[in-house]
Amino acid sequence: MTKKLTILFLVIFQLSVAQHYDTVVLDTGNIDATNEVYKVGNTYVFNYEIIRNGKILKLKTNKGMYASTVFELVPLVSPAIEVDRIRLIVQQVSDAERTNEGQTEISYIQEPLSRGMSLTGLVDNADNIWLHPIRTGFFNALQTAPFPFVKKPLKVGNEWSDKMAIGKNWGNVLWGTWEEPLLLSYHYKVTTMEMVKTAFGTIECYVIESNAKSDIGETKLKSYFSEIYGFVRLEYELLNGIKVNFWLMDFKKG
């Protein structure tokens, strides 16, 4: 199969079923009951920063997806910041209500002004944990990077790969544009374990370094994963020199 036909097949496949990587192991039965970390009712609050041209930025306006994306980056000290943190809530829904078939429902809320809620999914079971990032407004850029993803059992030195195609509607002049569906080839490796300081104590984390290669360049994600709290820190390197960091600042069990 040619590269162009492969990309077309992947795009058509993703339009017909829930979006996920080829190797992600989904649950076919009681989906939420298998969750080992991201249990229904849990709440995770993340702080974030966007680094561009050496300056630390946050978001004023930030809404929309695809062509309707509207956002404004402002300095960290600006009084105009409307999106100061991101809240992730693991939702209880029926199978018929799931945004992504076969995945646990999650919502992302931009705070403190609750600038809209976006619904998506995650996979959490004995085989793997795979998480859709927030993709509202500026965060559409994260679609070009590796998704937070761990394959079990976790062990330093373990590696895995995957791929996914994304449409041009995810592009932007700030982080890259393309016309043909863009095939992303991912590679992940557990490189070490570290003790990570958080707002709720110092915790042991696996460090997973990953990249996504495509015709327009390479993006990276360094994730810090705790078997108790999940992903506690995410460090993205996007195209055009943009960096985005998230870190867990609060956690509540459901």
Side-chain angles (χ1 to χ4, degrees), residues 20-21 23-24 37-38 44-59 76 85-86 88 106 108 120 122-124 128-135 138-164 166 170 174-176 182 184-214 216-251:
H20 61 82
Y21 292 3
T23 67
V24 171
V37 177
Y38 292 94
Y44 306 80
V45 181
F46 291 88
N47 203 340
Y48 77 96
E49 62 184 6
I50 299 163
I51 303 173
R52 186 186 181 208
N53 298 328
K55 297 179 180 179
I56 300 177
L57 309 170
K58 283 209 166 187
L59 288 158
L76 179 63
R85 54 188 179 268
I86 308 295
L88 185 163
I106 60 174
Y108 285 108
T120 186
L122 67 84
V123 177
D124 181 351
N128 45 212
I129 294 179
W130 182 83
L131 176 67
H132 278 93
I134 182 172
R135 292 169 295 171
F138 168 83
F139 297 121
N140 275 215
L142 302 183
Q143 186 75 7
T144 66
F147 286 19
F149 183 27
V150 296
K151 281 185 172 292
K152 302 176 185 177
L154 278 167
K155 182 181 178 182
V156 173
N158 282 5
E159 301 180 56
W160 58 93
S161 299
D162 217 308
K163 61 183 180 295
M164 187 170 70
I166 60 175
W170 292 106
L174 190 61
W175 58 78
L182 187 68
L184 299 169
S185 296
Y186 309 104
H187 184 261
Y188 294 78
K189 183 175 182 178
V190 184
T191 56
T192 189
M193 297 190 71
E194 288 187 16
M195 301 303 294
V196 179
K197 291 183 178 180
T198 72
F200 38 91
T202 300
I203 57 178
E204 187 175 51
C205 293
Y206 289 92
V207 180
I208 300 102
E209 298 191 34
S210 55
N211 61 55
K213 295 182 179 180
S214 70
I216 64 170
E218 179 181 7
T219 57
K220 297 179 180 180
L221 169 62
K222 187 176 184 179
S223 53
Y224 296 77
F225 178 81
S226 160
E227 293 182 306
I228 299 173
Y229 300 102
F231 295 101
V232 301
R233 186 171 180 88
L234 300 168
E235 301 175 352
Y236 290 91
E237 294 183 24
L238 305 179
L239 300 173
N240 298 332
I242 298 172
K243 296 182 179 180
V244 184
N245 299 320
F246 296 88
W247 58 95
L248 189 63
M249 57 183 293
D250 196 14
F251 164 77

Is there side-chain contact between Ile228 and Phe251, with at least one heavy-atom pair below 4.5 Å?
-> no
Would you say the side chain of Gln143 lies within less than 4.5 Å of the side chain of Met164, judging by non-hydrogen atoms?
-> yes
Determine, step by step, whether Leu59 and Phe139 satisfy the side chain to side chain contact (heavy atoms under 4.5 Å, CB included) criterion, reporting the C-alpha distance in whole Å, the side-chain angles of both residues, the deciding distance to 0.1 Å, and the verdict.
-> CA-CA 10 Å; Leu59 288 158; Phe139 297 121; 3.6 Å; yes
Tyr188 and its ring-ring contact (aromatic ring centres under 6.0 Å, His included) partner, picked from Phe225, Trp160, Phe147 | Trp160
Please examine the side chains of Asn140 and Trp175, heavy atoms only from C-beta on, and report whether any two atoms are closer than 4.5 Å.
-> yes
Separation of Glu235 CD from Lys243 NZ (nearest 0.5 Å) = 9.0 Å
Can you find a heavy atom in the side chain of Leu122 that is under 4.5 Å from one in the side chain of Ile129?
-> no
Closest heavy-atom contact between Ile106 and Leu88?
-> CG2-CD2, 4.1 Å
Please confirm whether Phe231 and Tyr44 have ring centers closer than 6.0 angstrom.
-> no
Begin with the C-alpha distance, continue with both residues' side-chain angles, and end with the deciding distance and a verdict on side chain to side chain contact (heavy atoms under 4.5 Å, CB included) for Asn245 and Arg233.
-> CA-CA 7 Å; Asn245 299 320; Arg233 186 171 180 88; 4.2 Å; yes
Output for pair (Ile216 CD1, Asn240 CG), nearest 0.5 Å, gives 8.5 Å
CZ of Phe246 to CD of Glu49, rounded to nearest 0.5 Å, is 10.0 Å
Any donor-acceptor N/O pair, Asn158 side chain to Val150 backbone, under 3.5 Å | no
Passing option when Leu184 is tested against Ile166, Thr219, Asp162 for side-chain contact (heavy atoms from CB on, under 4.5 Å) = Ile166
Backbone N or O of Tyr186 within a donor-acceptor pair of the Tyr21 side chain at under 3.5 Å?
-> no
Got more than 12 heavy atoms from elsewhere within 6.0 Å of NZ, Lys197?
-> no
Quick one: are Leu238 and Thr144 in side-chain contact, heavy atoms under 4.5 Å?
-> yes
Just distance, no hydrogens or angles: give the donor-acceptor pairs under 3.5 Å from side chains in residues 199-212, sequence neighbours left out.
from   : atom 1 : to     : atom 2 : distance (Å)
Glu209 : OE2    : Thr191 : OG1    : 3.4
Ser210 : OG     : Leu221 : O      : 2.8

Mind checking the CZ-CG spacing from Arg52 to Leu174? Nearest 0.5 Å is all I need.
-> 4.5 Å
CG-CG distance between Leu154 and Asn128, expressed to the nearest 0.5 angstrom | 10.5 Å
Going from OH on Tyr236 to CD1 on Ile51, what distance comes out if it is rounded to the nearest 0.5 angstrom?
-> 14.5 Å
How far apart are the closest heavy atoms of Lys189 and Gly157, and which atoms are they?
-> CE-O, 4.2 Å
Exam field: side chain Asp124 to backbone Val37, donor-acceptor pair closer than 3.5 Å = yes
Heavy-atom distance under 4.5 Å between the side chains of Asn47 and Lys58, does that happen here?
-> yes
Can you list the steps and then say if Thr23 with Lys151 is a side chain to side chain contact (heavy atoms under 4.5 Å, CB included)?
-> CA-CA 10 Å; Thr23 67; Lys151 281 185 172 292; 3.4 Å; yes
Do Tyr48 and Phe138 have ring centroids that are under 6.0 Å from one another?
-> no
